[in-house]
Visitor: 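Below is a structure I'd like to ask you about.
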Amino acid sequence: MDVRKIVFDKRIEVVMKKIVLGMVALLAVGILAGRISAEEKPLPRTLVPAHKMEHAWWKARHEANKARIAQGDVDLLLIGDSITHGWDGAGKAVEAYYYGDRKHVNMGFGGDQTQHVLWRLNDAPMDKIEPKVAMLLIGINSLWGDWENCSENVALGIQACVDKLQSLYPNIQIVVLNIFPALEKADNPIRGRLGKANAMLPEIFKDYKNVTLLDINSLWLDEKGDIPKALMPDFVHPNEAGYKLWGAEVEPVISKLLGVAAKAKME
């Protein structure tokens, strides 16, 4: 019997066993990774910063915001979507009355959702300012259609915007407005979705410091729960009369947080 051949064969056997065990281990790791990947869900879009720089008007407004913020000396941020953007439009005179002398920046952008607010806060030179107060109204544009866990994800998106602001400015006072009602009739499905999102906000922010949750939605509703056209002609965006109501309603809170005297109600 050739002893050298036996030893050689044994060595081959050992090597082959190691190769097989290694392949089994790799296969197991691959299967496990596949399972983990399948089980992991991507973050909802409301939490993933996104821009709309491909739209010329959006880019121009963002660049204008950045330029103003880079100058410093900002006490008040108005943050949101087209409804906040509208302070520059239908609410221009009201904005000038309440906030014109309060070193404010209007960071409202038509069509924006929470993910766009997050992106803008990441991209702008926010380190150049130390604002005292922010008023945040965001969420409606993620609720026009029904998608998986949309109300919950919008509420989480609002929370993410607040968390971002607090990470930038630990001492800032943030006024979070309940998402305004939209579309004329109380029984419209979108009302249910935004109502669910709003209902989650008190629990989300119950332990937050320097956050004031305000529900001013009664301003926009008649006794039947419908939206009067006299305040929101398109049943989404306030007109000047609506901005007057909004400005007057939040003025006691905003002025107190800014540490300035409250202004009389605009006639």
Side-chain angles (χ1 to χ4, degrees), residues 37-55 57-59 61-62 65-66 77-87 105-124 126 131 134-169 172 174-183 188-217 220 235-237:
S37 177
E39 290 172 0
E40 285 181 351
K41 289 186 177 181
L43 286 173
R45 64 176 184 262
T46 54
L47 300 180
V48 182
H51 65 77
K52 293 191 284 186
M53 294 289 275
E54 67 275 15
H55 299 291
W57 75 265
W58 198 96
K59 180 178 180 180
R61 185 169 177 84
H62 179 60
N65 264 191
K66 288 173 64 175
L77 299 174
L78 307 178
I79 304 174
D81 49 39
S82 59
I83 302 172
T84 296
H85 192 157
W87 285 105
V105 176
N106 186 329
M107 297 182 73
F109 281 57
D112 267 17
Q113 302 171 42
T114 57
Q115 62 265 35
H116 305 117
V117 170
L118 293 171
W119 190 90
R120 292 192 277 112
L121 290 173
N122 282 333
D123 189 67
M126 307 305 290
M135 180 164 61
L136 175 68
L137 173 64
I138 194 70
I140 187 63
N141 290 314
S142 298
L143 295 168
W144 294 121
D146 192 6
W147 50 286
E148 185 179 6
N149 299 322
C150 60
S151 296
E152 177 183 0
N153 289 330
V154 166
L156 292 175
I158 294 170
Q159 181 183 27
C161 293
V162 170
D163 288 344
K164 179 62 179 179
L165 284 167
Q166 289 192 329
S167 73
L168 291 168
Y169 315 112
I172 194 171
I174 305 171
V175 177
V176 178
L177 293 172
N178 275 20
I179 304 167
F180 289 176
L183 304 185
N188 191 288
I190 195 174
R191 296 281 198 95
R193 294 195 288 273
L194 70 85
K196 287 179 182 178
N198 284 337
M200 296 174 188
L201 300 181
E203 180 65 21
I204 286 175
F205 293 117
K206 68 178 183 180
D207 296 322
Y208 274 62
K209 294 181 179 179
N210 301 333
V211 172
T212 302
L213 182 60
L214 279 186
D215 179 0
I216 65 170
N217 286 357
W220 315 115
F235 306 114
V236 177
H237 302 92

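Numbering starts at 1 and runs along the sequence shown.
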Visitor: Taking all atoms of both residues into account, what is the closest heavy-atom pair of G111 and N141, and its distance?
Guide: C-ND2, 3.3 Å

Visitor: Return the CG to CZ distance between D81 and F180, rounded to the nearest 0.5 Å.
Guide: 9.5 Å

Visitor: Is Y208 reaching over with its side chain to a backbone N or O of Q159, donor-acceptor style, under 3.5 angstrom?
Guide: no

Visitor: Heavy atoms only: give me the nearest L137-N178 pair and the separation to one decimal.
Guide: CD1-O, 3.4 Å

Visitor: When you compare the side chain of N188 with that of F235, does any pair of heavy atoms fall below 4.5 Å?
Guide: no

Visitor: Which heavy atom of P49 sits nearest a heavy atom of L118, and at what distance?
Guide: CG-CB, 4.1 Å

Visitor: So which atom in S142 and which in C150 form the shortest heavy-atom distance, rounded to 0.1 Å?
Guide: O-CB, 4.5 Å

Visitor: Test K196 against V154 for side-chain contact (heavy atoms from CB on, under 4.5 Å), laying out the working first.
Guide: CA-CA 10 Å; K196 287 179 182 178; V154 166; over 6 Å; no

Visitor: Near K164 NZ, under 6.0 Å, is it more than 12 heavy atoms from other residues, nucleotides or ligands?
Guide: yes

Visitor: Quick one, M107 and T84 - any side-chain contact, counting heavy atoms below 4.5 Å?
Guide: no

Visitor: Given side chains that start at C-beta, do those of K206 and E203 come closer than 4.5 Å, heavy atoms only?
Guide: yes

Visitor: Can you check whether N198 reaches D215 side chain to side chain, under 4.5 Å on heavy atoms?
Guide: no

Visitor: How far does SG of C161 sit from CG of L47, to the nearest 0.5 angstrom?
Guide: 9.0 Å

Visitor: Please report the interatomic distance CH2(W119) to OG1(T114), rounded to the nearest 0.5 Å.
Guide: 15.5 Å

Visitor: Do any N or O atoms from the side chain of N210 and from the backbone of I174 form a donor-acceptor pair under 3.5 angstrom?
Guide: no

Visitor: From L213 CG over to F205 CZ, what is the distance, rounded to the nearest 0.5 angstrom?
Guide: 7.0 Å

Visitor: So L136 and V162, side-chain contact (heavy atoms from CB on, under 4.5 Å) or not? Walk me through it.
Guide: CA-CA 8 Å; L136 175 68; V162 170; 4.0 Å; yes

Visitor: Under 4.5 Å between any side-chain heavy atoms of H116 and F109, yes or no?
Guide: no

Visitor: Are D123 and H51 close enough that a side-chain donor and a side-chain acceptor fall under 3.5 Å?
Guide: no

Visitor: Measuring from I179:CD1 to N217:CG, what's the distance to the nearest 0.5 Å?
Guide: 9.0 Å

Visitor: For residues A197 and A155, report the shortest heavy-atom separation together with the two atoms involved.
Guide: O-CB, 4.0 Å

Visitor: How close do P181 and R191 get, counting heavy atoms only, and between which atoms?
Guide: CB-NE, 3.9 Å

Visitor: Only one of I204, T46, N153, L201 forms a side-chain contact (heavy atoms from CB on, under 4.5 Å) with I158, so which one is it?
Guide: L201

Visitor: Quick one: pull up CG in N106 and NE2 in H85 and give me the separation to the nearest 0.5 Å.
Guide: 7.0 Å

Visitor: Are more than 12 heavy atoms, taken from residues, nucleotides or ligands other than E54, located less than 6.0 Å from that residue's CD atom?
Guide: yes

Visitor: Keeping Q166 on the side-chain end and V211 on the backbone end, is there a donor-acceptor pair under 3.5 Å?
Guide: no

Visitor: Please check: side-chain N/O of R193 versus main-chain N/O of W147, any donor-acceptor pairing under 3.5 Å?
Guide: no

Visitor: For R45 and V48, run side-chain contact (heavy atoms from CB on, under 4.5 Å): C-alpha distance rounded to whole Å, both residues' side-chain angles, the deciding distance at 0.1 Å, then the answer.
Guide: CA-CA 5 Å; R45 64 176 184 262; V48 182; 5.7 Å; no

